[in-house]
Number of protein chains: 2
Amino acid sequence: MRILVVEDEEGLAESLRRGLSADGHLVDVAHDGHRGLDLALAGGPYDVVLLDLMLPGPGGHAICTRMRAHGDTTPVLMLTAKDGEHDEAEGLDAGADDYLTKPFSFVVLAARIRALARRAGASGRGTLQAGDLVLDPRGRRCRRGDRDIELTARELAVLACLMEQPGRAVAKQDILDEVWDTPQHIDPNIVEVYVSSLRKKIDAPFGRRSILTVHGTGYRMAPDGG
Amino acid sequence: MRILVVEDEEGLAESLRRGLSADGHLVDVAHDGHRGLDLALAGGPYDVVLLDLMLPGPGGHAICTRMRAHGDTTPVLMLTAKDGEHDEAEGLDAGADDYLTKPFSFVVLAARIRALARRAGASGRGTLQAGDLVLDPRGRRCRRGDRDIELTARELAVLACLMEQPGRAVAKQDILDEVWDTPQHIDPNIVEVYVSSLRKKIDAPFGRRSILTVHGTGYRMAPDGG
DNA sequence: CTTGGGCCGTGCGCATCCTCGTGGTCGAAG
DNA sequence: CTTCGACCACGAGGATGCGCACGGCCCAAG
C-alpha cells in the first residue's frame, strides 16, 4: 500500500517510515504541514494518510479538511499527543476516519491501518499497485501506465499473489498453494513458466523488470514496479 | 498456531480438530454462534479463525462483522455449504479474508490456512532489527537505512542466526548447526567465508562494522547495528 | 469436425550460488 | 618481540536451480 506520513517529530517519523516499509508499504514522509498538504493533494493516490495534529504550518485538522474539500476520500488516521475529547471530536469533524493518541504501539497502529484500508477497500477493493503497474483481480484488468495488458486467468492469479505483498519474496510453493487447487500433484516448475510469460507481458514491452527472482526461494515484486 | 473453529456439524468439527492438531496447531472448537463469538472476541489471540456461515445463534457473517468492529484483524476463513456468488460477496463484505465452499479437501484447507497466516504474519512478526539494519527472514528482505540489500539464502540464514540474539556471541559451531543440514561433514571455515561476504554487503558500503569477531569463539552482532 | 487458445510437462543451456583450498594477516599469550 | 593459532580474502570448481522454448492435451466456440 502507499501510505503518507505527516509528522514533524523526526524520530517518530523515521521509525514509522521504517516499520511501515518493513511491512511492505511504500511510505512518503512530510515533516511539516505545507509539504504534507502538497503531497496529500498531489502526491497520491495514497491508500492511507497518517496526520499529526500539531504541525509547523497547517495542522492535521486543516490538511484533512482541505482533502475532503477536494473530494478526496482517502482514509485518514489522525495522530495526537493530547488525549482530550475535544481533539477527537475535532479530528472526526474534519473528516478523519480514525484517531490514535500518542504514545501508541506500532502493532496497534498497523492494525488500525489495516482496518482502515479494509473499510475503504469495500468500495473499490482489490486493486493492487506497484509503481505504475496496477492490477484489478476482480475486474480481471491489468495496466502498466496508460496501456491495458491482457492476462490469462493463471497469469493474473500468479501476479496477484506476488502483488499482494510487494517487496517480499513469495516461495514458489506458496504460489502453488494459492493459485492451484491440487498443488501436490503439480510440477513446481509450472510457476517458472508463468513468471516467464508474465515478464514477457508486463516487463519486456516496457523495458522494465518488476518480477525479481530470489534464488532458492521464489519471486519478489519490485515495490516500485521495476 | 492457535486456531479457532466455529462449526456446528459435530463430525466435521471433530475431524478438523484432529487434522489441525496433527499439523501441530492448538485448536479451540465452538459448536454454536454464541460460544464462537465469545471465544473469537475474548478467547484469543488466534492466528486464524474458521467460521461456518450457517450456525445456531449468530452466523459466521455476524461473528466476523463483530470481530472487525472491535478492531480485530485476525485472518478469517469462511466455510459454507452453498456456492453462490451472493454468499461470497457477503462474506468478504463482512471482512472475511478467504472463503471455502463445502465439501473441501483437508489439504486445500491446510494450504489456505498457511496462506492466510503467512499474509498476516508478514506484517510485524519475525522481522529482526539491530540499529538501522532490518532483516525480514520470511520475506527474504534486508535493509540498511533506506537501501535494500540483496542476500543469498545462506548469507541470510547466517545473518538471521546472529541477529536473533543481538549483542550475544554465537559460537561458530552453533551457526553451523542452525544453518547447515549436515554440519558434521562440513568445513567450519565456511562460516568465516559467509561472514566475510556479509560484511562486504552490509558493513563495507556503509563504513560500518556490525558483525564483530569474538576470537576463539565465534561472532557477535552489534546491537546498534555498528 | 475443425480450429484456436489456454494450460501443463519436459529438456537443455546457462546463471548463480556453494564449497573448499591456498596464502596472507591479525591477535593473544608467553 | 616472537610465535602460533585463529581469522580473513580470493578464486576455481562443481552443484544446484532457473529461464525459456517447444509440443501435447483439453475444452470451448464456430
Side-chain angles (χ1 to χ4, degrees), chain A residues 137 140 142 149-162 169-205 208-222 226, chain B residues 137 140 142 149-162 169-205 208-222 226:
Chain A
R140 305 258 148 180
C142 177
I149 300 174
E150 296 293 330
L151 297 180
T152 72
R154 296 277 180 199
E155 287 166 355
L156 187 139
V158 171
L159 181 57
C161 197
L162 292 171
V170 182
K172 223 181 288 187
Q173 185 60 49
D174 288 339
I175 298 178
L176 271 180
D177 283 347
E178 242 179 86
V179 175
W180 278 266
D181 286 339
T182 55
Q184 62 277 22
H185 300 128
I186 281 198
D187 186 340
N189 285 336
I190 194 66
V191 177
E192 300 172 12
V193 175
Y194 278 96
V195 168
S196 165
S197 164
L198 278 169
R199 292 210 255 236
K200 260 189 290 213
K201 290 188 176 180
I202 68 176
D203 281 344
R208 311 285 277 278
R209 184 155 188 90
S210 60
I211 303 181
L212 311 174
T213 304
V214 183
H215 205 92
T217 303
Y219 299 90
R220 178 212 318 269
M221 192 74 208
Chain B
R140 291 279 190 277
C142 178
I149 301 175
E150 297 292 333
L151 297 180
T152 73
R154 295 275 182 208
E155 287 166 356
L156 186 139
V158 170
L159 181 57
C161 198
L162 292 171
V170 181
K172 219 183 290 186
Q173 187 60 47
D174 290 342
I175 299 178
L176 268 181
D177 287 345
E178 221 175 292
V179 175
W180 277 267
D181 286 339
T182 56
Q184 62 275 22
H185 300 127
I186 278 199
D187 185 342
N189 286 332
I190 194 68
V191 177
E192 300 171 11
V193 175
Y194 279 98
V195 168
S196 163
S197 165
L198 279 170
R199 290 210 256 237
K200 259 189 291 211
K201 290 187 176 181
I202 69 176
D203 282 344
R208 312 284 276 279
R209 186 157 187 89
S210 59
I211 304 181
L212 312 174
T213 304
V214 183
H215 210 89
T217 305
Y219 299 91
R220 179 160 60 92
M221 192 73 208

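To find a chain, count down the sequence lines: A is the first, B the second, and so on, and within it residues start at 1. None of these values were measured; they are calculated from a predicted model.
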Practice task
Answer yes or no: is there a side-chain heavy-atom contact under 4.5 Å between B/Tyr194 and B/Leu156?
Solution key: no
Exercise for the section: Compare all side-chain heavy atoms of A/Arg199 with those of A/Thr213 and state whether any distance is below 4.5 angstrom. Expected result: yes
Problem - Check: A/Glu150 main-chain N/O paired with A/Lys201 side-chain donor or acceptor under 3.5 Å - result: yes
Problem - N/O donor-acceptor pair under 3.5 Å between B/Arg220 side chain and B/Val214 backbone - result: no
Specify the separation, in whole Å, of atom [atom1] of [X] and atom [atom2] of [N].
| X | N | atom1 | atom2 | value |
| --- | --- | --- | --- | --- |
| B/Arg140 | C/dC17 | CZ | P | 13 Å |
| A/Asn189 | C/dC8 | CG | P | 13 Å |
| A/Ile211 | D/dC18 | CD1 | C1' | 14 Å |
| A/Ile190 | C/dG9 | CD1 | P | 6 Å |
| B/Glu192 | D/dC10 | CD | C1' | 14 Å |
| A/Leu151 | C/dC7 | CG | P | 11 Å |
| B/Leu212 | D/dC8 | CG | P | 11 Å |
| B/Leu156 | C/dT16 | CG | C1' | 16 Å |

Counting just side-chain N and O atoms, does [X] come under 4.0 Å of either OP1 or OP2 of [N]?
| X | N | value |
| --- | --- | --- |
| B/Thr213 | D/dC8 | yes |
| B/Tyr219 | D/dC8 | yes |
| A/Ser197 | D/dC20 | no |
| B/Arg154 | C/dT19 | yes |
| B/Ser196 | D/dA9 | yes |
| B/Trp180 | C/dC18 | no |
| B/Lys200 | D/dC10 | yes |
| A/Tyr194 | C/dC8 | yes |

Problem - Residue whose nearest DNA chain D nucleotide is more 5′ - A/Lys172 or A/Val193 - result: A/Lys172
Exercise for the section: Would you mind classifying the nucleic acid contact of B/Val195 as base, sugar-phosphate or nothing, using non-hydrogen atoms under 4.0 angstrom? Expected result: nothing
Fill in the blank from the handout: Considering only heavy side-chain atoms of B/Ala153, the closest of D/dG19, C/dT16, C/dC18 is C/dC18
Practice task
Could you work out which one of D/dC7, D/dC18, C/dG21 sits closest to the side chain of B/Asp187?
Solution key: C/dG21
Exercise for the section: Please report the shortest heavy-atom distance between A/Met221 and A/Leu162, naming the atom on each side. Expected result: CB-O, 3.7 Å
